[in-house]
Amino acid sequence: MRVYLMVFCLICCTANGQVVYSIAEETERGASVGNIAKDLGIDAATLSARKFRMITGSSKQYFNINASTGALSVNEPIDREQLCELKSACLLNYELVLENPLELYRMEFKVLDINDNSPIFPLSEYHINVPEFLSPGARFTLPTAQDLDEGTNSVQNYTLSPDEHFHLEMQARGDGSKYPELVLKKALDREQQATHRLVLTAKDGGHPPKSGDVPVIVTVLDTNDNAPEFEHSVYRASILENSPSGTLVVQVHATDLDEGPNGEVRYSFSNTTSADLQRMFLIHPHTGEVTVNGVLAVQRPLLEMLIEARDNGAFGMSSTAKLLVEITDVNNHGPEITITSLSSPIPEDAVPGTVIALLSIMDKDPGENGKVTCQIPDNLPFQLKPSLENYYSLVTSGLLDRELISGYNITITATDLGSPPITTQKTLWVQISDVNDNPPVFSADTFDVFVEENNPLGAFLYQVSASDPDMGENGRVSYMLRNSTVAGSALASFLSVSLANGSIYATRAFDFEQLRSFYFQVEAKDNGSPALSAAITVNVYISDQNDNAPAILYPTSQNGSVAVEVVPRLADEDYLVTKVVADDEDNAQNAWLSYHLAHSSDSTLFRLAPHSGELRTTRSLRSTDFLKHKVVVVVRDHGDPPLSSTVTVGILLADTLPQALPDFDDSGEPPPLLNATNIYLIVSLACVSCIFAAFLLFLAIVRLCRCRTCCCSSCCCPADEYEKYCYSVHMLPSSHLPPDMLEVTGVGKLTHTYLYRASVGLGPSNSSIPNGDAGNIPSSSRLQVPGPCIQVQQVQSDRLSAVLMVPKVPGTQNIWYLVRPKRTADFEELCLIENGKCMNTDNHQ
């Protein structure tokens, strides 16, 4: 029959926008809970317009709100035990959200419990074992039932089925909870009834109440009233001290008159037996066999142990027996070597007899088995000396040298007098500390260092190295230069040495030409106390570099002028013109010199010996050869790279030494090589010259035509040669010439390949010049001079002169002429001619 519960709802509070409802669990779907609009004071007609909605954190929607009336009803039945499990208070929280305006109301639903669950025991059957010897009043805990309901709907009391031996009592815990206990009210007799079956019932306080029960089976256990008994109260055994593990010592046996587990006996060592003995021996729990377990490390000859026999009853009963084991000694202990004191390291200068270590040597065996002899190897500078009983001193017996042996492994051998004897060895490591007894040692007495001159500052030259067999600071070597001088200067101005590694560096650049070799000493000193040192001699040899050009000793020039050699004009072939003498301060191949002809004004005329520097003619000189020649001699060494010097030699072809030497600065210079620019200039100059020549030819024709119309009775030139040799003489209006100077310009062809410029001056009494002032002469004035009146005379092969022949006009006085060559091969000559005689000569460079 389904029970319908009336839903009652109680509004607890609505303050601050919150309302609380109470509802019983399992309320049917559709049951009314309340009116939310009324409870919250909201117009129910506006709920839909304000888009109300309920928000909850639960996975199910347990309640609904009617949008028209605001009625709150159950949407889903609530199972309190599923929802809140064992919580004392079961609450559901909802939020009601309204818009326009936005409002939030909190709703809290308290789920009330109903009695819908029966008490349940955790086990379907419960067993209790009760010994038969228990007296009445003994208590046994019974299981408690669980009820998911709360409050009065949970478990309230327990009942037990009637039994003459047991009854039920309720006990309370500290937290107030209650639990049932089974109480023995009458002694049990297993022989009369071995099992008692009871029923435990749990009831709740609901309406109507619900209950649950569980069977309780009580088993009466047999009483263990007989203890095991040993065959002997004392057992004796004897074993060797070195008996291996597993050796049988003795087997004990005990009996129990009880049956079943109460009659089953287990053997063990009593708690009063020492733990060391329990580790040395094992006893089998079922057979009672006592065996050796490990090494019998005891000093006592007789061992006493208690063995316990206990049955397997619920309350086991036991008895004990004594076991006496006699240990027969054997030589099973080796000597034990203990280092009680050790001084290590020891200095290598320790005197013989210095105590190094104190040793303790003992043997646990008694009697002869415990007597020990001790020794060390004979080849060591140590010995053992007996000290106190069982003590030995290890002392030095010879001199020590750490550089030969830095430490010793001393093996101490101890042997007892047992049969067979046992030997024990122990090794000591004795380290020898260093003493500064060795100076630094170089691998050689001297070192040779070769360095090129012109080295950079700070250049690495060499690294000396000295070894010191000492260690630590005694073996750390530092290097320094011993004070000395080199070429009158302090050694420190030439070299420096690294204090740490002995690297030698140059502090200046060496010059082979000034210093070719020197020596110095480097001192190596250790950092011991006192410090020891050694020195080594270092020989430095400076090798040459080609850093000096050849110096020309002959011929020499003064004040930048060219050295001049005079050679006869008709010198024969292979004539020695001069010998170039040079010197090079460098050494070896850097000083091997060779001579080369770099330039010659006439390459066919002279040759130079490459090794001797002799300049000779290659052929006999001719009268047609130039009087002046210039050659450039290059003197080159054989260094890498080679260096060279040049000297310019002027050669004058003359039979006698002139009073003044000619100028050789520009003489004999070879014409520049033709290049594209020069070709363009030559072509341009040729074109301009052709145009100018055509223009001059045109003027000459015009002038010739004029001359034919005039009378030339006073001219010294024949009439038929007038056109060929006619010259035009006109006055210069330039203010740079004196008023009595005229320029004669030839338009004809001279008899020599050289062109000359001639100027003629007329005396102040010359009536042909108005007022005797050349500046007043009209620029159009002309003086016609026939060509034959200018004569070109060759006095010598290298000198030319020209004479202007002008007939003297009556009434003139002091007529003089100036003839000046424009350019000759070697120099210019100015000659002032008065009345046909040369008045003075001036040579210009």
Side-chain angles (χ1 to χ4, degrees), residues 234-252 268-284 289-307 322-344 355-378 380 382-395 408-430:
V234 177
Y235 291 86
R236 296 180 183 273
S238 178
I239 60 172
L240 294 177
E241 183 183 12
N242 61 348
S243 296
S245 179
T247 301
L248 178 63
V249 178
V250 70
Q251 183 176 12
V252 297
S268 63
F269 289 111
S270 174
N271 292 333
T272 59
T273 303
S274 66
D276 293 339
L277 294 179
Q278 293 187 37
R279 285 192 292 268
M280 291 182 195
F281 300 95
L282 287 179
I283 184 170
H284 196 280
E289 292 180 349
V290 180
T291 57
V292 177
N293 181 35
V295 180
L296 300 177
V298 293
Q299 302 297 326
R300 294 168 294 172
L302 184 64
L303 304 178
E304 181 178 333
M305 295 170 282
L306 293 179
I307 298 176
K322 182 181 290 187
L323 173 61
L324 299 177
V325 179
E326 183 181 358
I327 305 299
T328 302
D329 182 57
V330 293
N331 189 24
N332 61 338
H333 291 92
E336 295 180 358
I337 303 174
T338 304
I339 309 298
T340 59
S341 176
L342 176 63
S343 298
S344 179
V355 178
I356 299 173
L358 184 62
L359 311 177
S360 173
I361 303 177
M362 299 186 66
D363 194 320
K364 294 181 180 180
D365 292 326
E368 292 295 320
N369 294 334
K371 294 181 180 180
V372 179
T373 60
C374 190
Q375 62 181 3
I376 62 173
D378 297 333
L380 298 179
F382 303 96
Q383 65 179 359
L384 279 175
K385 289 185 176 182
S387 182
L388 301 176
E389 184 180 1
N390 298 327
Y391 280 87
Y392 291 85
S393 297
L394 180 64
V395 298
Y408 293 89
N409 277 323
I410 304 175
T411 302
I412 302 171
T413 303
T415 306
D416 60 21
L417 301 180
S419 180
I422 297 178
T423 299
T424 302
Q425 290 184 339
K426 192 176 186 67
T427 301
L428 296 181
W429 168 250
V430 177

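Below, each value reflects all heavy atoms present in this structure, side chains not excepted, and no hydrogens, waters or symmetry copies.
- Contact detail for Leu380 and Tyr408: the closest heavy-atom pair is CD2-CD2, 3.9 Å.
- The stretch residues 271-280 participates, sequence neighbours left out, in these salt bridge (charged side-chain N to carboxylate O under 4.0 Å, His left out) pairs: Asp276-Arg279.
- Looking at heavy atoms from C-beta onward, Asn331 lies in side-chain contact with Ile422 at the 4.5 angstrom threshold.
- A donor-acceptor contact closer than 3.5 angstrom is absent between the side chains of Gln425 and Thr411.
- At most 12 heavy atoms of other shown residues, nucleotides or ligands fall within 6.0 angstrom of atom CG in Asn271.
- Between Ala237 and Val250, the closest heavy-atom pair is CB-CB, 4.3 Å.
- With a 4.5 Å cut-off on side-chain heavy atoms, Val395 and Ile356 do not count as touching.
- Considering OG of Ser360 and CD of Glu389, their distance stands at 10.0 Å, rounded to 0.5 Å.
- Closest heavy-atom contact between Gly334 and Asp363: C-OD2, 3.9 Å.
- Side chains of Leu359 and Ile412 form a contact here, defined as non-hydrogen atoms less than 4.5 Å apart.
- Gly294 and Ser245 make their closest contact through N-OG, 3.4 Å (heavy atoms, listed as atom of the first residue, atom of the second, distance).
- Inter-residue side-chain proximity for Ile239 and Leu296 is flagged as met; some heavy-atom pair is nearer than 4.5 Å.
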Under the side chain to side chain contact (heavy atoms under 4.5 Å, CB included) rule, what do Glu289 and Leu248 come out as? Steps first, then yes or no, please. CA-CA 7 Å; Glu289 292 180 349; Leu248 178 63; 3.8 Å; yes
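- Leu303 is listed as a side-chain neighbour of Leu277, based on a closest heavy-atom distance under 4.5 Å.
- You'll find the side chain of Thr427 reaches within 4.5 Å of the side chain of Asn409, heavy atoms only.
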Evaluate the side chain to side chain contact (heavy atoms under 4.5 Å, CB included) criterion for residues Ile376 and Thr413: first the C-alpha distance (whole Å), next the side-chain angles of each, then the deciding distance (0.1 Å), finally the verdict. CA-CA 6 Å; Ile376 62 173; Thr413 303; over 6 Å; no
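- When the side-chain hydrogen bond (donor to acceptor under 3.5 Å, both in side chains) test is applied to Thr415, the partners found at least two apart in sequence or on another chain are Thr423.
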As a quick check of understanding, evaluate side chain to side chain contact (heavy atoms under 4.5 Å, CB included) for Val292 and Val249, giving each step before the final call. CA-CA 7 Å; Val292 177; Val249 178; 3.9 Å; yes
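- The distance from atom OG of Ser268 to atom CG of Leu306, rounded to the nearest 0.5 Å, is 11.0 Å.
- Between the CD1 atom of Ile327 and the CE atom of Met280 there is a distance of 8.0 Å, given to the nearest 0.5 Å.
- Smallest separation of non-hydrogen atoms from Pro335 and Ile361: CB-CG2, 4.2 Å.
- Heavy atoms only, all atoms of each residue included: Leu417 and Glu368 are closest at CB-O, 3.4 Å.
- You'll find the side chain of Val234 reaches within 4.5 Å of the side chain of Leu324, heavy atoms only.
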Verify side chain to side chain contact (heavy atoms under 4.5 Å, CB included) between Tyr235 and Lys322, making sure each step is shown before the conclusion. CA-CA 6 Å; Tyr235 291 86; Lys322 182 181 290 187; over 6 Å; no
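- Of the inter-residue distances, the one linking Leu358 atom CG with Tyr392 atom OH reads 12.0 Å to the nearest 0.5 angstrom.
- Once rounded to the nearest 0.5 Å, the distance linking CG of Asn369 with CD of Glu241 reads 8.5 Å.
- The side-chain heavy atoms of Phe281 and Asn293, taken from C-beta on, include no pair separated by under 4.5 Å.
- Checking side-chain atoms of Gln278 against main-chain N and O of Thr273 turns up a donor-acceptor pair under 3.5 Å.
- Between atom OG1 of residue Thr424 and atom CG of residue Asp416 there is a gap of 7.5 Å, rounded to the nearest 0.5 Å.
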